[in-house]
Each structure stands twice: as structure tokens, then as C-alpha cells.
Number of protein chains: 2
Amino acid sequence: MEKLIDGGVLPRKIPTHEVIYCRLRDMVLFGQLKPGQPVTIQGLTAQLDAGMTPVREAIRRLTAEGALTLQGNRRVCVPDVALTQLEELAFARLTLEPHLASIACSSLKKSDIIRLEKIDSEINRAIDTGDVQRYLMNNYRFHFDLYEQAQSPILLAIVHSLWLRFGPSLRVVCGRFGTSSLPDRHEEALAAMHAGDAAALARAVEQDIRQGIEQVRQSIATANV
Amino acid sequence: MEKLIDGGVLPRKIPTHEVIYCRLRDMVLFGQLKPGQPVTIQGLTAQLDAGMTPVREAIRRLTAEGALTLQGNRRVCVPDVALTQLEELAFARLTLEPHLASIACSSLKKSDIIRLEKIDSEINRAIDTGDVQRYLMNNYRFHFDLYEQAQSPILLAIVHSLWLRFGPSLRVVCGRFGTSSLPDRHEEALAAMHAGDAAALARAVEQDIRQGIEQVRQSIATANV
DNA sequence: GCGGTGAGAATATGATCAAAATCGCCGCTG
DNA sequence: CAGCGGCGATTTTGATCATATTCTCACCGC
């Protein structure tokens, strides 16, 4: 019965470093941090109002996942993807994500599809109102809610790491071109789910990824002029 | 001139947490730690003669890379791959590693191939003498020396993470069946390098991976009886 | 069998030390 | 005399440690 004394939804207390990790990760994923921006420990302890150790651990974790980069001189910053690295990201994402989507397809329940449709409508609303942050968050939720159904924790972790590397650049694209130019390839994905057509779903996801990568590629190309 | 005052080979001092990370990583990769074995912070501080903070950071990093697992009740242990996860590892490795090998092929210099041949002869010697540790180390070196030539840091990091998850189980296989049953698919790989045939190299790597995975699969299957 | 209790291990803090970057000062050169 | 470049002190930041606190698990008595 003592489990209720915190009066809350969570029976187990979440350790601080975990909380800090999630907050920092979201800052990277949803574009609160710009590529190239330096990340200091003491800055974060002040900003997030946390101790030094949890912040350090969160940074180490995110560094291992590729969301942050060590600059040799023991400084940490948000990485800026170059064109060559974009090729790597493209290959890995185009290989893994359609595969995950395809596996997930067969185990999708009706309630899952309904949930995904709700997220998709959130995405559309975010595009209409020009709310970049909300678009990014729901786009992330759409993909990972789907991928999670594949029950493949290892591949999921890898894809997660790819999104962490991709996130800041995607944010730059949105900031530059606005939400109007953003892809909405999710209609055909949802249709494929309803039909239970794994191959079609994989194709839809593939097209979605291609479009996103192409936008970042153009953004990088024009930025380097 | 002051750069020489440390009188040493290393102009830059390597931080302790980095050293600890490398040592722990090698322990995982080369089978000093068995699957399921618990990993305690204080145990490592004693064993590696280090402070608590560096050990904590190394553990966080390896956890993020999938080399260690958190057990919910803030314990850490070496993960034991199940059959379902082996499928994931197989898919990811078979997708990424032949690709890396294929890219690397064109940029291989004569000196690179000679180096790889030397490593391969080390592997053969280790198989002959039944030296599992040496086999594992040189097998790792063979693959990653090759993959590094692909100049693809992101994919390399992902593959590295896959090997970290795979390592302990491979060690179990070797311990069970000895080195005599170990694959040596490297001859054809080396031949393909000499010929500059990227496709053939990719096939050779693929066969090598298939064989390794198959052995682990059988090991898991028999262990579960 | 069950709940309390204690040992041990992990988490988290703040202090301390070392390294790096920044900025200002000085001398040199054009 | 003004601008430039290098040198050194200050200050910011990272690395490490010792320690306090919290949590888990297992043992023991009821």
C-alpha cells in the first residue's frame, strides 16, 4: 500500500539522471538546441536546476547515442551533419525503418491504428498553425508508436539514435522553410495499415523518409553556398 | 616546445573515464564478462583501481550502446541475447556490414590489404593454438580495420554497438565448442580485396556473418533445452 | 509466512583540482 | 602613430573525489 504515498501515477521513482536525460534528449530531438551550439555542464545544471552528476551522466549517454559530440578538447556540442554523413543516415534509415514498419504491420490492432490517426491529425493541425515544435513532436510519436509495435528493441534503439542525429538539422529546415513545405506522407501509411499491407506500409514510410532527407540535403547544399 | 614536458608519447592526456570505458568495453567484447553476469560499480572501482565517477560514466556509456543492461532495480548486468534479438542482430549486421565492406573496398590501399593479411594470419594462429581471446581480438580488428576504410563514422558506430551486443554470446560459443569450429571466411574476403571486387567482398563478409550468427543460434537453441 | 530491520550498493551533492579559453596588455612592425 | 600578433593572467569549465542520502534485498525474529 505504501506505493501510493507519492500520490501519483508512478509506482517507481524515476532517478534524476533519467529525467535529465529525457529532457535533454527532447531538447535535441525537437530543436531547442541548434547544430554547432556548445553544451556545457554547468550551463545545464543552472538551466535545468539539477546537480552536476546527473547532468554529466545524461551527456555521456547522449554522446554515446550520437546526439552530442565531443570536440577533442573535452567540450561538447550539438553535431552538424555534413553531406557525407547525410548519406549514411539516409542509408541506415531507409534500410531499418521500412523494415520495422513492415514487421509492425501484422501486429497492429485496431486501437493502435486509431491512436496513430489521432497523432496524424495532430500533425496536420500543427502544419496548419505553423507550430514547428508540435509538428516535430507528433511526427516523432507517429513513427515510434508504429515502430514500437515491431517488438524489436535493438533495431528500435538504433533508429532512435538515427533520429537523434537527424533532429537538429530537421529543425533547421523547418525554421527556414516553415511548416507549409513539410511532408505528409502519412495518409498512405495509414491506408496501408488498414489494409494490413506490410509492403505498402514499408513503401509509404520509405517515401516519407526520402522526402525528409531530401529537404535536409537541399538545406545543407544551399547553406554551403 | 612545452609540449614535450610530459616527456611522453601522448601529447594529450586521456581522461580517466575514457580509459575505464575502453577497458570495460574490451572486457565485454572479448568475453571477460559472461552474459547475465552482474556488473557493480564498487566491484569495478576495486578491480580497475579507479574512482567511482569515471566508472559510473563508463557504465552509462556502455549501457547506452547496448553493451550493458539496466535491470529496472538499478542493477546492471551483461545482457543475454534471446533468439528474437538474435534475429534483429542478424538483420542489422547483414544489412550494414556488407555495405560498409563494399564501400571500403575501393579505397583500400596495398598497405591496408597487407595489414589485414597479417591480422588474418594472427587469427589462424589463434585458431591453431586454441587461444580464444586472441581469436576474438583479431577477428574484431580484421572487421573494423576494414570497415574503418569506408569513412562512415555513423554506420561504424552502429556496427560497433552491434558487436558489443554480440560479443558475450560469441564468447560463450567459443568456450563451448573451442576454436576449431570457428569460421575462417577471410580468405575469400582477402581475395576479393586484391581483385578490387566490392560485390564479392560484400558477399564474403555476409557469409562470414551468417556463419557466426548460425553458431550462436545453435548455441542458444541447445542451451535452452 | 510475514513484516520489520540492517547491511550493502547506487544515487546525488558539493568541494577541489586541473585544464582550456578568453581577454587585455605589451611590444613590434608598417 | 595605428594596427597586428603573441604572451600571460583571469575566469570559465571539465574531471575527480569524498561523503551524505536513498533505495534494495535478504535475513531474522515473531
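Chain letters run A, B, ... following the sequence lines, proteins first and then strands; every chain starts at 1.
- Considering only side-chain atoms of B/His17, the nucleotide from D/dT24, D/dT16, C/dA20 that sits closest is D/dT16.
- In this entry the distance linking CZ of A/Arg61 with P of C/dT11 reads 11 Å, nearest Å.
- For B/Glu65, there are no salt bridge (charged side-chain N to carboxylate O under 4.0 Å, His left out) partners, not counting sequence neighbours.
- When the side-chain nitrogen and oxygen atoms of B/Arg75 are compared with OP1 and OP2 of C/dA9, none of them lie within a distance under 4.0 Å.
- Atom OH of A/Tyr21 and atom P of C/dA12 are 16 Å apart (whole Å).
- The distance between atom CG of A/Leu48 and atom C1' of C/dA12, rounded to the nearest whole Å, is 16 Å.
- Pairs engaging residues 151-164 of chain B under the side chain to side chain donor-acceptor pair (under 3.5 Å) rule: B/Glu97-B/Trp163 [sequence neighbours left out].
- Under a cutoff of 6.0 Å and an axis angle of 45°, B/Arg171 and B/Phe30 do not form a cation-pi pair.
- Salt-bridge annotation for B/Glu87 and B/Arg217: present, with a side-chain N of the basic residue lying under 4.0 Å from a carboxylate O of the acidic one.
- Here D/dA15 presents its P atom at 10 Å from CD of B/Glu18, a figure rounded to the nearest Å.
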- [ ] Going 5' to 3' through nucleotides 17-22 of chain D, assign each nucleotide B (protein heavy atom under 4.0 Å from a base atom), S (under 4.0 Å only from sugar-phosphate atoms) or - (no protein heavy atom that close).
- [x] B-B--B
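- Considering only side-chain atoms of A/Ile41, the nucleotide from D/dC25, D/dG14, D/dT16 that sits closest is D/dG14.
- Ring-plane geometry between B/His143 and B/His186 is classed as perpendicular, the angle between the planes exceeding 60 degrees on a 0 to 90 degree scale with a lower cut at 30.
- Between B/His17 and B/Tyr21, the side chains place no donor N or O within less than 3.5 Å of an acceptor N or O (distance only, hydrogens not considered).
- In this structure, B/Glu57 does not pair ionically with B/Arg60, as no charged nitrogen and carboxylate oxygen lie closer than 4.0 Å.
- Rounded to whole angstrom, the span from the CD atom of A/Glu57 across to the P atom of D/dT16 amounts to 14 Å.
- Residue B/Gln42 places no side-chain atom within donor-acceptor reach of the base of C/dG8, judged by atom type and a 3.5 Å distance cut-off alone.
- In this structure, B/Arg60 atom CZ and C/dA10 atom P are separated by 10 Å, rounded to whole Å.
- Residue B/Asn73 has no polar side-chain atom (N or O) positioned under 4.0 Å from OP1 or OP2 of D/dC23.
- Separating the CG atom of B/Leu70 from the P atom of D/dT24 is a distance of 14 Å, rounded to the nearest angstrom.
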